[in-house]
Amino acid sequence: QVQLVESGGGSVQAGGSLRLSCAASGFPWSGYYMGWFRQAPGKEREGVAALYTPGGSTLYADSVKGRFTISRDNAKNTLYLQMDSLKPEDTAMYYCAADFDPNLRGGSWYPPLRGPNNWGQGTQVTVSS
């Protein structure tokens, strides 16, 4: 049974940093995309960042490029999202997800062509101005 457990959310002032973690279990960890998605109240869900394992290629939403970094620790089966220079518009529930095919045909990779098939429970990020 696949389990994705997020942690690391919280409240921070604009310009601050947070690091989200996603501990994965029951998952092959290789040959799949994993990523982070977010949804703010009253807004549609959007893809934030994606990472392919084992190749390590990454994808980002234009709104977070240069500020967010997705990475993984293979030994710990953990996915991370380092968020720097946070803005109030980054406030949202952040979800870890696995097993999806991002749209690589040009432009935004989100929405994905398939999946995600596995989701975590989410962790709240609040950025105050």
Side-chain angles (χ1 to χ4, degrees):
Q1 182 179 357
V2 176
Q3 279 194 319
L4 302 172
V5 180
E6 302 100 330
S7 61
S11 297
V12 64
Q13 288 191 327
S17 298
L18 284 173
R19 188 176 79 157
L20 306 183
S21 300
C22 173
S25 60
F27 187 67
W29 193 246
S30 181
Y32 294 90
Y33 271 95
M34 295 187 70
W36 293 93
F37 298 74
R38 68 186 181 186
Q39 188 165 20
K43 294 187 177 181
E44 293 187 354
R45 183 173 60 198
E46 63 174 336
V48 176
L51 180 147
Y52 182 74
T53 61
S57 60
T58 57
L59 301 165
Y60 294 95
D62 287 344
S63 59
V64 306
K65 281 181 181 176
R67 301 188 298 121
F68 290 12
T69 303
I70 188 171
S71 64
R72 72 188 189 278
D73 184 328
N74 292 332
K76 296 181 179 180
N77 277 12
T78 300
L79 185 74
Y80 300 102
L81 184 68
Q82 177 67 41
M83 304 185 294
D84 299 319
S85 301
L86 282 161
K87 304 175 180 180
E89 51 264 42
D90 294 318
T91 295
M93 184 70 80
Y94 283 71
Y95 298 91
C96 175
D99 190 12
F100 59 93
D101 293 334
N103 186 342
L104 302 178
R105 298 172 182 173
S108 174
W109 63 270
Y110 183 84
L113 301 177
R114 180 189 67 86
N117 291 324
N118 304 105
W119 292 90
Q121 82 287 354
T123 185
Q124 178 68 38
V125 171
T126 303
V127 184
S128 59
S129 58

Student check: side-chain heavy atoms of [X] and [Y] closer than 4.5 Å:
{"X": "Glu6", "Y": "Leu20", "result": "no"}
{"X": "Trp36", "Y": "Phe68", "result": "no"}
{"X": "Asp101", "Y": "Pro112", "result": "no"}
{"X": "Gln13", "Y": "Leu86", "result": "no"}
{"X": "Phe100", "Y": "Asn118", "result": "no"}

Partners of Lys65 by side chain to side chain donor-acceptor pair (under 3.5 Å), sequence neighbours excluded? Asp62
Heavy atoms only: give me the nearest [X]-[Y] pair and the separation to one decimal.
{"X": "Leu81", "Y": "Ala49", "value": "CD1-CB, 4.1 Å"}
{"X": "Ala97", "Y": "Phe37", "value": "CB-CE1, 3.6 Å"}
{"X": "Gln121", "Y": "Tyr95", "value": "O-CE2, 3.6 Å"}
{"X": "Gln82", "Y": "Ser17", "value": "NE2-CB, 4.0 Å"}
{"X": "Trp109", "Y": "Ala61", "value": "NE1-N, 3.8 Å"}
{"X": "Tyr94", "Y": "Arg38", "value": "OH-NH1, 2.8 Å"}

To the nearest 0.5 Å, tell me how far [X] [atom1] sits from [Y] [atom2].
{"X": "Asp84", "Y": "Thr69", "atom1": "CG", "atom2": "OG1", "result": "6.5 Å"}
{"X": "Thr78", "Y": "Met34", "atom1": "OG1", "atom2": "CE", "result": "8.5 Å"}
{"X": "Asp90", "Y": "Ser85", "atom1": "CG", "atom2": "OG", "result": "9.5 Å"}
{"X": "Ser21", "Y": "Arg72", "atom1": "OG", "atom2": "CZ", "result": "15.0 Å"}
{"X": "Lys87", "Y": "Ser129", "atom1": "NZ", "atom2": "OG", "result": "13.5 Å"}
{"X": "Lys43", "Y": "Glu89", "atom1": "NZ", "atom2": "CD", "result": "7.5 Å"}

Cluster question for you: counting only ILVMFWY and a side-chain heavy-atom cut-off of under 4.5 Å, with indirect links fine, are [X] and [Y] together?
{"X": "Tyr80", "Y": "Leu18", "answer": "no"}
{"X": "Met93", "Y": "Tyr110", "answer": "yes"}
{"X": "Val64", "Y": "Val12", "answer": "yes"}

Between Arg114 and Asp99, is the side-chain contact (heavy atoms from CB on, under 4.5 Å) condition met? List the steps. CA-CA 8 Å; Arg114 180 189 67 86; Asp99 190 12; 2.7 Å; yes
Would you tabulate the side-chain donor-acceptor contacts of residues 50-59 under 3.5 Å, counting partners in other chains and residues two or more places apart, or write 'none'?
from  : atom 1 : to    : atom 2 : distance (Å)
Thr53 : OG1    : Trp29 : O      : 2.8
Thr53 : OG1    : Tyr32 : O      : 3.1

Worked check of side-chain contact (heavy atoms from CB on, under 4.5 Å) between Ile70 and Tyr60: CA-CA 9 Å; Ile70 188 171; Tyr60 294 95; 3.4 Å; yes
